[in-house]
Amino acid sequence: MLKLLLQLFFVSFCFISGGYNIKTGPGCMIELMKFDMGGSAAVFGAAKALGQIKPLGVEVNNTDAEGRLTLADALVYACNQGAEKIVDLATLTGACIIGLGSSIGGVFTPSDDLAKEVFEASEASGEKLWRLPLEESYWESMKSGVADMVNTGARPGSAITAALFLKQFVDEKVQWLHIDMAGPVWNEKQRCATGFGVATLVEWVLKNAS
Ligand SMILES: *[C@@H]1O[C@H](CO)[C@@H](O)[C@H](O)[C@H]1NC(C)=O
């Protein structure tokens, strides 16, 4: 913005200074100084184009909820690559630890078919999962005054609103399932990672890869 203001100021100063030619001599490019508004023109042009493209605007009102932003990028990428089914795993929310404790991962998905596949895999692997609702009415707390959404909503139901946030970035034609594994990722007693999710994913891929 500062650059834009300086550009505008400079252009005004040069051409409204009462007839003084402060650029003289060969190569001074006085006749080309129309292009000196190029920087501000580029900023205005970009603002106009973005206004027409209307990219999804997210207000980051919690910098500690950054994982879901990179996960959103990954989901968009996977959809663009033509994925038919996506299972994401993330230690996404403290709320899921509070809700399900350290032995159970939370599952969120609009797809009953994909849920069935993944739950069958988790029964074979022995890793415990529990399906939680994608309650659309909770999206209300994710509304923003300045963008399409904020990146964290109110504290109640925040594992659900986190999943709803991810859902915004998944193509509706793609089957998508999100596992919030913030609880079972860590073995508190042994102070080590559990590897939760590996066995279920392997089972799922082996059973369903065609
Ligand atoms: C982010 O916005 C939501 C919805 O307005 C609000 O409930 C929440 O408290 C905000 N989070 C922070 C860290 O300000």
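Given the structure is predicted, the values throughout are model-derived calculations rather than measurements. Just follow the structure's listing: the first ligand is 1, and inside any ligand the first atom is 1.
The nearest non-hydrogen atom to atom 5 (O) of ligand 1, considering only A65, S141, G153, comes from S141.
Heavy-atom proximity to A154, at under 4.0 Å, picks out these atoms of ligand 1: 7 (O). Atoms of ligand 1 found under 4.0 Å from any heavy atom of T152, numbered from 1 in the order shown, are 1 (C), 2 (O), 3 (C), 11 (N).
Contact annotation: the side chain of I86 never approaches that of Q175 to less than 4.5 Å [non-hydrogen atoms, C-beta and beyond].
In this structure, V170 is a member of the same hydrophobic cluster as M149, with clusters built from ILVMFWY side-chain heavy atoms closer than 4.5 Å. Taken together through direct or relayed side-chain contacts under 4.5 Å among Ile, Leu, Val, Met, Phe, Trp and Tyr, F196 and V205 form part of one hydrophobic cluster.
Residues K167 and E136 are paired through a salt bridge, judged by an N-O separation under 4.0 Å between the basic side chain and the carboxylate.
Relative ring orientation between F169 and F165 is described as tilted, the plane-to-plane angle lying within the 30° to 60° band.
At under 3.5 Å, not a single nitrogen or oxygen of K143, backbone or side chain, sits near a nitrogen or oxygen of ligand 1.
The shortest contact between atom 10 (C) of ligand 1 and any protein heavy atom is with N61 ND2, 2.5 Å.
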